[in-house]
Amino acid sequence: MAASVALLLVLLVAVVAPPVAAELPRLEHPHKGDGSLTLLAVGDWGRRGAHNQSMVATQMGIAGEKMDIDFVVSTGDNFYNNGLTGVDDKAFEESFSNIYTAKSLQKPWYTVLGNHDYRGDALAQLSPVLRKVDSRWICMKSFVVSAEIADFFFVDTTPFVLKYWTNPENSTYDWRGVAPREIYIANVLKDLEDALKLSKATWKIVVGHHPIRSVSEHGDTQELLQLLLPILKAHGVDLYLNGHDHCLEHISSRDSPLQYLTSGGGSKAWRGIQTANADKVEFFYDGQGFMSLRLTTADACLAFHDVAGEVLHTWALAKPAERH
Ligand SMILES: *[C@@H]1O[C@H](CO)[C@@H](O)[C@H](O)[C@H]1NC(C)=O
Ligand SMILES: *[C@@H]1O[C@H](CO)[C@@H](O)[C@H](O)[C@H]1NC(C)=O
């Protein structure tokens, strides 16, 4: 008991202390014996099963089984409408544990925070207490998951978006451990750049909640285009994966190998909006679903799936060994 209180205190101090640049927390996740790695990605989901969240979950279970997935990536907006109220908020079970029940989904869920998560007790989602409720839950602000053939760089994008600070739409954002914004962002970018420089993985995949490129309701995130994108291009990042827009989309960069992937169809969708984009739109679907990804050292293969399990779009890339 005393030990766990002490641990909690250490973690609280770590989280609320003034932000400083530091090495990103790093988790190792072994790939399969055959050298491959398979995963699903879903975002914008936590609605106690409503808005087809349960249907998406069912299909994720089926796809997860077929692919024998290693883990799941959540691109944020984990709990609507305002994140969790605390570590004892039943929404955690009602929207997560009791929804993604398939055997194949009993794997680590590497999770970032979305803007809606920041409207509640953001620190609750980061708390190890939740891991005792459901051991799959691995949520941090910015961190690296290293699977040898692929490194996944999770980036906390909500603090980048200026309007959440200046015009918070009547909501309170939980900026504990974040404010002041400028220092936080500079540290995230530096930590990310340091981690990218060290990466020897064949595939470099960056995950954030907000899109860099999107043709749906929210569109491109200007702050990320300006601040994050140059770093991704400079370090040969292959995929940028996000949620925030409640759709499935694939946009390819016109001047780099980077692919922009939105998997934000975990529940409420059908915004009825499609705009133009300066980069090349390969695929856009306004409804619910999720993304799957299979990686080997030689190739990457991704697919978008809808609520009925139909594969709507696939894309594959072979990588010559000498490219990195
Ligand atoms: C759920 O999915 C079905 C099948 O695609 C669709 O007809 C229905 O409109 C969806 N419901 C919601 C609330 O989005
Ligand atoms: C914010 O509050 C005002 C006044 O109560 C209300 O008219 C407006 O709809 C609210 N905006 C949002 C986004 O909830």
Side-chain angles (χ1 to χ4, degrees), residues 22-43 57 60-76 78 96-97 100-112 125-126 128 130-156 191-192 194-208 232 235-242 259 261 263 290-303 305 315-324:
E23 202 175 313
L24 292 178
R26 190 181 180 85
L27 305 170
E28 305 289 332
H29 193 116
H31 55 64
K32 281 190 249 297
D34 68 0
S36 72
L37 187 76
T38 52
L39 59 119
L40 304 179
V42 66
M60 285 173 65
I62 294 168
E65 170 121 30
K66 268 189 205 149
M67 295 178 70
D68 183 22
I69 56 160
D70 296 289
F71 55 82
V72 180
V73 167
S74 167
T75 57
N78 307 318
F96 176 60
S97 304
Y100 302 102
T101 52
K103 187 160 170 275
S104 67
L105 304 179
Q106 308 305 309
K107 298 286 162 62
W109 280 57
Y110 298 118
T111 299
V112 289
Q125 291 197 48
L126 312 176
L130 290 187
R131 228 163 287 160
K132 293 207 182 105
V133 181
D134 191 321
S135 61
R136 295 178 286 175
W137 189 253
I138 299 171
C139 181
M140 287 184 252
K141 279 185 172 166
S142 297
F143 62 109
V144 180
V145 174
S146 176
E148 288 177 77
I149 60 166
D151 281 344
F152 294 79
F153 305 87
F154 293 82
V155 179
D156 184 26
D191 298 346
L192 173 66
D194 289 350
L196 282 167
K197 275 183 201 155
L198 286 175
S199 174
K200 302 264 191 295
T202 305
W203 301 100
K204 295 179 181 58
I205 299 169
V206 176
V207 181
L232 306 195
H235 294 280
V237 170
D238 300 284
L239 311 177
Y240 178 75
L241 173 57
N242 60 271
Q259 308 295 314
L261 305 163
S263 187
F290 62 96
M291 197 189 92
S292 65
L293 180 63
R294 182 174 189 277
L295 300 166
T296 69
T297 46
D299 51 24
C301 185
L302 66 87
H305 310 245
W315 179 85
L317 178 71
K319 181 173 282 207
E322 63 275 9
R323 222 194 89 191
H324 279 269

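For this chain, numbers begin at 1 and follow the sequence in order. Note that the structure is a prediction, hence the values are computed from the model and not measured.
A 4.5 Å side-chain heavy-atom check between Leu192 and Val155 finds at least one atom pair inside the cut-off. Residues Thr75 and Leu241 meet the side-chain proximity criterion, which asks for heavy atoms closer than 4.5 Å. By the 4.5 Å heavy-atom criterion applied to side chains, Tyr240 and Leu232 are counted as neighbours. Side chains of Leu37 and Leu293 form no contact here, defined as non-hydrogen atoms less than 4.5 Å apart.
Crowding of Lys66 atom NZ: a count of heavy atoms from other residues, nucleotides or ligands under 6.0 Å not exceeding 12.
In this structure, Tyr110 has its ring center at least 6.0 angstrom away from the ring center of Phe152. Proximity of the aromatic rings of Phe71 and Trp109 is defined here by a centroid distance below 6.0 angstrom, and this criterion is not met.
Minimum interatomic distance between Ala195 and Leu24 (heavy atoms only, all atoms of both residues): CB-CD1, 4.2 Å. For the residue pair Gln125 and Cys139, the shortest heavy atom distance occurs at O-CB, 3.3 Å. The shortest non-hydrogen separation linking Leu40 to Ala63 is CD2-CB, 4.5 Å. Of all non-hydrogen atoms in Ser263 and Met291, the two that sit nearest each other are OG-N, 3.4 Å. When all heavy atoms of Pro25 and Ser142 are compared, the closest pair comes out as CD-O, 3.3 Å. Nearest heavy atoms, Ile149 versus Ala201: O-CB, 3.7 Å.
Judged by distance alone, the side chain of Trp203 and the main-chain N or O of Leu239 form no donor-acceptor pair under 3.5 Å. Looking at Lys319, its side chain never comes within 3.5 Å of a backbone N or O of Ala300 through a donor-acceptor pair. Between the side chain of Thr296 and the backbone N or O of Ser36, no donor-acceptor pair lies under 3.5 Å. At least one donor-acceptor pair closer than 3.5 Å links the side chain of Asp70 to the backbone N or O of Thr38.
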Should Thr111 and Ile138 be marked as a side chain to side chain contact (heavy atoms under 4.5 Å, CB included) after you check the CA-CA gap, both sets of side-chain angles, and the distance that decides it?
CA-CA 6 Å; Thr111 299; Ile138 299 171; over 6 Å; no
Given side chain to side chain donor-acceptor pair (under 3.5 Å), test Asp134 with Ser97 step by step and report yes or no.
CA-CA 7 Å; Asp134 191 321; Ser97 304; 2.7 Å; yes
Take Ser292 and His305 through the side chain to side chain donor-acceptor pair (under 3.5 Å) test and state the conclusion after the steps.
CA-CA 8 Å; Ser292 65; His305 310 245; 2.8 Å; yes
Val112/Val73 under side chain to side chain contact (heavy atoms under 4.5 Å, CB included): CA gap, chis, key distance, verdict
CA-CA 8 Å; Val112 289; Val73 167; over 6 Å; no
Between Gln259 and Asp238, does a side chain to side chain donor-acceptor pair (under 3.5 Å) hold up when you go through it step by step?
CA-CA 6 Å; Gln259 308 295 314; Asp238 300 284; over 6 Å; no
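In this structure, CE in Met60 is found 11.5 Å from CE in Met67, a value given to the nearest 0.5 Å. A distance of 14.0 Å separates CG of Asp191 from CZ of Phe143, quoted to the nearest 0.5 Å. Atoms OG and CH2, on Ser74 and Trp137 in that order, are 5.5 Å from each other to the nearest 0.5 Å. In this structure, OG1 on Thr202 lies 11.0 Å from CG on Asp299, to the nearest 0.5 angstrom. Note: Gln106 CD to Arg136 CZ = 4.0 Å, rounded to the nearest 0.5 Å. Interatomic distance, Asp151 CG to Glu28 CD, rounded to the nearest 0.5 Å: 8.5 Å.
Exactly one of Val207, Val237, Leu196 qualifies for a side-chain contact (heavy atoms from CB on, under 4.5 Å) with Phe153. That residue is Leu196.
Checked against salt bridge (Lys or Arg N to Asp or Glu O under 4.0 Å), Asp68 has no partners two or more places apart in sequence or in another chain.
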